[in-house]
Amino acid sequence: IRERGRVLVVEGYMDVVMLHQHGVEYAVATLGTACTPEHVKKLLKLADEVVFRFDGDAAGRRAAWRGLENSLPEVSDGKELRFLFLPAEHDPDSYVQAFGRERFETLLAQDALPLSQYLLRELSAQVDLTKEEGRARLLHIAKPYLQRMAHAPALQMLLKKRLAELCQLSLDDLAVIDGQGRSEPRE
């Protein structure tokens, strides 16, 4: 893990064993438990990049979301957390057996979503961005997630900028809504 600067978090020990046998030696398993903030903190001490790889089924998606939620207080600028969803018919064990280490690592590099994209994708899917009420709802539901990112001020600001774009606002408008900007009307 230290040598690669990357840790891959998977669901089961068989995934870890099979990945290791195929040369992917930086995997750890949650073994059916949630990855806690303390786990994330320890993983980020070992590596600059943590990739969560859970199954694409409903349980796997819930586990990935819990991983995201538990990562927010620990994420910091200069570290990268990403989320990979394999095709429904594969888990890491079967994928690496079918396609090999090189293709698996290519998939990690190309298809794993950064935390920022995964967060905004999942939150945006809950609202109708074509309506003002939907965009206002997105701002409302995103705020607590952004507030939990205390150790990543640059990432937090970039997410706010992207959120403002999605909601068809300026960053100044967003600051006013957050109570951090000027309160007088803009000309």
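Please read all numbers here as calculations on a predicted model, not as lab measurements.
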Between [X] (side chain) and [Y] (backbone), is there a donor-acceptor pair under 3.5 Å?
X      : Y      : result
Ser76  : Lys79  : no
Arg135 : Leu129 : yes
Ser94  : Asp91  : yes
Asn70  : Arg66  : yes
Gln156 : Leu146 : yes

Separation of [Y] [atom2] from [X] [atom1] (nearest 0.5 Å):
X      : Y      : atom1 : atom2 : answer
Ser116 : Arg121 : OG    : CZ    : 12.0 Å
Glu165 : Lys160 : CD    : NZ    : 15.0 Å
Leu123 : Leu119 : CG    : CG    : 4.5 Å
Cys35  : Glu69  : SG    : CD    : 13.0 Å
Lys143 : Leu138 : NZ    : CG    : 13.5 Å
Arg62  : Phe54  : CZ    : CZ    : 12.5 Å

Worksheet item: Any side-chain donor paired with an acceptor under 3.5 Å for Ser170 and Asp172?
Response: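 Short answer, no.
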
I'd like to check [X] versus [Y] (side-chain heavy atoms, cut-off strictly below 4.5 Å). Are they in contact?
X      : Y      : value
Leu86  : Asp111 : no
Arg6   : Leu108 : yes
Asp77  : His151 : no
Val50  : Arg82  : no
Leu107 : Leu84  : yes
Leu115 : Leu68  : yes
Val10  : Phe52  : no
Asp93  : Val17  : no

I'd like to know if [Y] and [X] are part of one continuous hydrophobic network [Ile/Leu/Val/Met/Phe/Trp/Tyr, side-chain heavy atoms within less than 4.5 Å].
X      : Y      : value
Phe83  : Leu158 : no
Met149 : Ile141 : yes
Leu166 : Met157 : yes

Practice prompt. Can you see which heavy atom on Ala27 is nearest to which on Val16, and at what distance?
Written response: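 Ala27 and Val16 have their closest heavy atoms at O-CG1, 3.7 Å.
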
Worksheet item: Which atom names give the shortest non-hydrogen contact between Pro37 and Glu74, and what distance separates them?
Response: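 Scanning both residues, the minimum pair turns out to be O-CG, 3.3 Å.
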
Assess whether atom [atom1] of [X] is packed by more than 12 heavy atoms of other residues, nucleotides or ligands within 6.0 Å.
X      : atom1 : result
Gln126 : CD    : yes
Tyr13  : OH    : no
Gln147 : CD    : yes

Fill in: Cation-pi geometry met for Arg61 and Phe85 (6.0 Å, 45°)
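That pair qualifies as a cation-pi contact.
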
Worksheet item: Charged N to carboxylate O below 4.0 Å: is that the case for Glu133 and Arg137?
Response: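 Looking at Glu133 and Arg137, the cut-off is not met.
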
Fill in: Criterion side-chain contact (heavy atoms from CB on, under 4.5 Å) on Leu81 and Leu44, from CA distance to verdict
CA-CA 9 Å; Leu81 283 89; Leu44 287 170; 4.1 Å; yes

Worksheet entry | Pair Glu105-Arg4, side-chain contact (heavy atoms from CB on, under 4.5 Å): steps then yes or no | CA-CA 12 Å; Glu105 289 188 331; Arg4 289 297 302 263; 3.1 Å; yes

Discussion item. One pair to check against side-chain contact (heavy atoms from CB on, under 4.5 Å): Tyr26 and Arg2. What are the steps and the verdict?
Written reply: CA-CA 8 Å; Tyr26 49 87; Arg2 286 180 196 243; over 6 Å; no

Practice prompt. Might you work through the side-chain contact (heavy atoms from CB on, under 4.5 Å) test for Phe104 and Leu8, ending with a clear yes or no?
Written response: CA-CA 12 Å; Phe104 181 78; Leu8 175 64; 3.7 Å; yes

